[in-house]
Amino acid sequence: MQKLILIDGNSLFFRAYYATAYTGGELMKNKQGVYTNALFGFINMVDKILQQPYSHVLVAFDTKEKTKRHEAFDDYKAGRPPMPQEMAQQIPLIHQYLKELNIKDESLAGYEADDIIGTLSKEAADLGYEVAVYSSDRDLLQLINDKVTIHLLKKGVTDIEDLTPKTFFEKYGLHHSQMIDLKALMGDPSDNIPGVPGVGEKTAVKLLQQYETLENILQNKDQISGKLGERIRENEDKAILSKMLATIDLNVPLDFNFHDLERKQMNYEGLVNFYNEMDLHVFIKKLNKPVETKDDFITKIITDHDQFSTILKPNMAIHIELADFNYHTSDIIGFGLSDGETNYFIPKDIGLASIDFQLYLSDPSIPKLTYDQKAFRTALKWLGYDLQGVTFDLLLSSYLIHQKIAKEDFKVICMAFDYEDIEYDELIYGKGAKKGLPELSIYSRHVAKKAKAIFSLQPLLIEKLKTLELYDLFTNIEMPLAIVLSDMEYSGISVDQNELKQQKTNLKNRIDTLEHQIYESVGKKFNIGSPKQLAEILFVDLGLDPSKKTKTKNLSTNVDVLNTLIDKHPVIPMILDYRQLTKLYSTYIEGIEQSIFADGKVHTIFAQALTATGRLSSLEPNLQNIPIRTEEGRQIRKLFVPSKPNHYFVSADYSQIELRVLADMANVAGLIDAFNKKEDIHTRTAKEVFGSETVTPEERRKAKAVNFGIIYGIGAWSLAEDIHTTPRDAQAFIDKYLSIYPEIKTYMEQTVDNAVKQGYVKTILNRRRYIGELESPIYAVREFGKRTAMNAPIQGSAADIIKKAMIDLHAYIYKNKKKSRILLQVHDELVLEVPESELVEMQKVVPEIMSKAIHLKVALESSCDTGKNWYELK
DNA sequence: CTCCGCCGG
DNA sequence: CATTTCCGGCGGAGA
């Protein structure tokens, strides 16, 4: 099959830039600060396009030179804003990419990409080729014929509309040859093509359906009555000019032949180097490089446990390779061990059967370097072994250096620090359904290389931690916390399975009943869980008013919308109930049920190197979002019970920790005074803002909304939504608030200023958050960066404080040999399991330790509660 | 895989 | 000219 793919390079490049500029926050760039977002989008699109079978390919670009269209019409393409710097920088990258791909990259002075594509599509079609053109420019539609299909990029990267003569007719009601005439009549503001003023798409189509061509319209111009006829007669010259401008030149003098467009092998090494330079590692994975086995890295595979006594030394790097992400259940594949000189692979059974090796792992006086101490320690615990003496953790240290690094594969962490001799896990083990173990020689080497990497990177990372003033945070907080979290995760939390079954049946019955009532109420069956189908029912069948749209222009059916419709139709409250009950059923009842281990407990994983602010997050299952706000949902908490008889749950939570942190960091006299006098902080704020001694509940509610909003870097618009007033009043309200607490205003301004200058903000314990968004050329992204800069030190400092408290509490428990165990952390709250004999002590000690964790200008207060299950707390 | 929706602090 | 309060995890639908 002979198939030619023609790509409109300019069009893809523009689309790529703007599609990725608005979505991902800050503009993407590589380590050297070169912007790569448009390159990234461009590669994605080209990659997708080239997945089909084809024999020939070319990418065409415009040049800066004037074309004959400019000569004919001075204002052609006038009024276009200049290309942003961030975008222009990426043009050479695009060309380099195409060069490495070995794809013909063509432009010609005096002609546009359209003309090159038009000429080639005609020649190829004449030779009997099938032609596929890719662009987002509708102008190219004039090239459609039986051999030539135009693929219009609609939005983003994936949405492509294929136009053939048939689909063109169905869409426009015109023959494809009439496309040029259509544009001649309508004009095109983006190219500054005038067209006939006052004639839009509707009128133009009608005219062309009647008269077929522009020429025929002009011949019959006197028969066209009214204002329309008048306009056509007055603007005849504009229409003719427009047609000329819109017509693609099919006779560009190209000095190459089809042979030059043949599909060729890419330059593999060059492309890998290029991706590495641009930090576009995701594309390297896609290349599916075969695993190479020839280089000078030597892996010693331990086959006999006698060997250990001579190998094991202090300060080696040890890596435990796990088969799955969830280390509570995962198999251990084996151990990597390295002293920087020799690199070993220890098969799981050989290692664990050796007393020498067991003692080595568990000896706290032998320092060891690892990748993820929490995972390794927990995985070993499940098998009955202990890991102690870890002094370095690659995952945690890289997370502190930059919060984004640690989200990726092991290799990406290494590459962030210019360590190259390591492969992607995906390349070794495959992914998805294809995941599995390759032969021993391949994976043993991979694991040993990881150990070598840990060993090699340790000095550099320690040095970086010190220069960034993060070393204390690393050694005093994150490292000891890993052990605390490991204990918490391993302890797990018991689930009352009878309660679970009961709630499950109960919910199921209520959902079934509701489902039938809903079908009856609207008169037909549909999938209530589908927002799309629900929108159809509500806004089309029932004719209700759609008040809001989603981000992608669909009609929204979320709670806010449904609540505004609540008395407009009896089905609305049923749907709200249905949503709540199915949420509880699938996310919580079924979700938790699936996560129960053989010991009758759930063992969550607290991700310690994930969030941008320094908070923890909880996974599989997430125990940080168990319902509490509605009574119905709160019932779920009855599932969680102490694991032993005569034990209780004790929970303690910080009161207003974020506002206290703000009061401290910004030194806010009014807030500090209020907290020290133990006043209700929202009431106090309301008194000051409204200038009265008595405060209505409504006033307190508003004050609370601002107090929270201020932490998030509030805007008037959203505060207005929140407290149901106009943005104008909301702004006045914020102004008043800031005049009462003027230190907040100063602090926020300084924080943002500093963030802009330095590129990051810091918490109480020096934790950094880099905010690249502040450099974005896009207003909305920069504004987002400012809010982040204001919020991150507050949220992050609160996270620092509770982490310190957890470490102190854990130390207290061990030092005093208590049987109480910390089970959960929910951002400002700790939940413990406490034997009856320790109840009184822990009720006193836990809040005390939390309060004293870090000294602030205001007291940290913590309340405490006790119960027989989680529901009874608070 | 992305979107929508909803649970928590 | 615009902008729409921060940080997360997870389930189901639909492509």
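Note on naming: letters A, B, ... go to the chains in the order of the sequence lines (proteins, then strands), and numbering restarts at 1 for each one. Note that the coordinates shown come from a computational prediction; the quantities given were computed from them, not determined experimentally.
Atom pair A:Ile592:CD1 and B:dC7:C1' shows a separation of 11 Å (rounding to whole Å applied). Per the geometry, CG belonging to A:Leu623 stands 10 Å off P belonging to C:dC10, to the nearest Å. Straight-line distance from the CG atom of A:Leu534 to the P atom of B:dC6: 10 Å, rounded to whole Å. The distance between atom CZ of A:Arg728 and atom P of C:dT4, rounded to the nearest whole Å, is 21 Å. Rounded to whole angstrom, the span from the OH atom of A:Tyr712 across to the P atom of C:dC6 amounts to 10 Å. Rounded to an integer number of Å, the gap from CZ of A:Arg629 to C1' of B:dG8 is 6 Å. Between the P atom of B:dG9 and the CD1 atom of A:Ile628 lies a distance of 6 Å, rounded to the nearest Å. One can place CD of A:Gln624 at 13 Å from P of B:dG8, the figure rounded to the nearest angstrom.
Side-chain atoms of A:Arg769 lie closest to C:dC7 of the nucleotides C:dC10, C:dC7, C:dT4. If you check C:dG11, C:dG12, C:dG9 against the side chain of A:Glu590, the one that comes closest is C:dG12. Taking the side chain of A:Ser530 as heavy atoms from C-beta on, and the options B:dC6, B:dG8, C:dG14, the nearest nucleotide is C:dG14. The nucleotide whose nearest atom lies closest to any side-chain atom of A:Asn527 is, among C:dG14, B:dG9, C:dC10, C:dG14. You'll find that the side chain of A:Arg787 is closest to C:dT4, out of C:dT4, B:dG8, C:dA15. Among the nucleotides C:dC7, B:dG5, B:dC7, the one closest to the side chain of A:Gln580 is B:dC7. Considering only side-chain atoms of A:Thr587, the nucleotide from B:dC6, C:dC7, C:dG11 that sits closest is C:dG11. Considering only side-chain atoms of A:Leu610, the nucleotide from B:dG8, C:dG8, B:dC4 that sits closest is C:dG8.
Remark: the A:Arg579 side chain and the B:dG5 base include no donor-acceptor N/O pair separated by less than 3.5 Å. Applying the 3.5 Å distance criterion, the base of B:dC6 shares a donor-acceptor pair with the side chain of A:Lys583.
In summary, the aromatic rings of A:Phe733 and A:Tyr737 are positioned with their centroids too far apart to meet the 6.0 Å limit. Proximity of the aromatic rings of A:Phe40 and A:Phe283 is defined here by a centroid distance below 6.0 angstrom, and this criterion is met.
Using a 4.0 Å heavy-atom distance criterion, A:Ala612 is classed as a sugar-phosphate-only contact. Among the heavy atoms of the strands lying under 4.0 Å from A:Asn791 are primed sugar atoms or P, OP1, OP2 only; no base atom is included. Within 4.0 Å of A:Arg634, counting heavy atoms only, lies no atom of the nucleic acid at all. Here A:Glu620 lies in heavy-atom contact (under 4.0 Å) with sugar-phosphate atoms only. In this structure, A:Gly709 reaches the bases: a heavy-atom distance under 4.0 Å links it to at least one base atom across the strands shown. The residue A:Ser556 sits close only to the backbone: its heavy atoms come under 4.0 Å of sugar-phosphate atoms, none of a base. If you check every strand for non-hydrogen atoms under 4.0 Å, A:Leu719 touches nothing.
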* Kindly determine whether A:Thr587 and A:Ile592 satisfy side-chain contact (heavy atoms from CB on, under 4.5 Å), including the steps that lead there. => CA-CA 8 Å; A:Thr587 304; A:Ile592 288 164; over 6 Å; no
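Annotation: of the two residues near DNA chain C, A:Ile711 and A:Tyr779, the 5′-most nearest-nucleotide partner is A:Tyr779.
Contact between the side-chain N/O atoms of A:Ser618 and the OP1/OP2 oxygens of C:dG8 is not found at any separation under 4.0 Å. Between A:Ser617 and C:dG9 there is a side-chain N or O to OP1 or OP2 distance below 4.0 Å. Phosphate contact (OP1/OP2 of C:dG14, side-chain N/O of A:Gln533, threshold under 4.0 Å): present. Taking only side-chain nitrogens and oxygens, A:Lys532 never comes nearer than 4.0 Å to OP1 or OP2 of C:dG12. Of the side-chain N and O atoms in A:Ser586, none sit less than 4.0 angstrom from OP1 or OP2 of C:dC10.
Of the possible polar contacts, none joining the A:Ser797 side chain to the A:Ile794 backbone as a donor-acceptor pair under 3.5 Å is found. When atom types are taken as modelled, the side chain of A:His516 and the backbone of A:Asp512 share a donor-acceptor pair closer than 3.5 angstrom.
Within the model, atoms CD of A:Glu861 and CZ of A:Arg660 stand 4.5 Å from one another, a figure rounded to the nearest 0.5 Å.
Comparing the P positions of B:dC6 and C:dA2 gives an interatomic distance of 30 Å, to the nearest angstrom.
Annotation: cation-pi geometry satisfied between A:Arg634 and A:Tyr871 (NZ/CZ under 6.0 angstrom from ring centroid, within 45° of ring axis).
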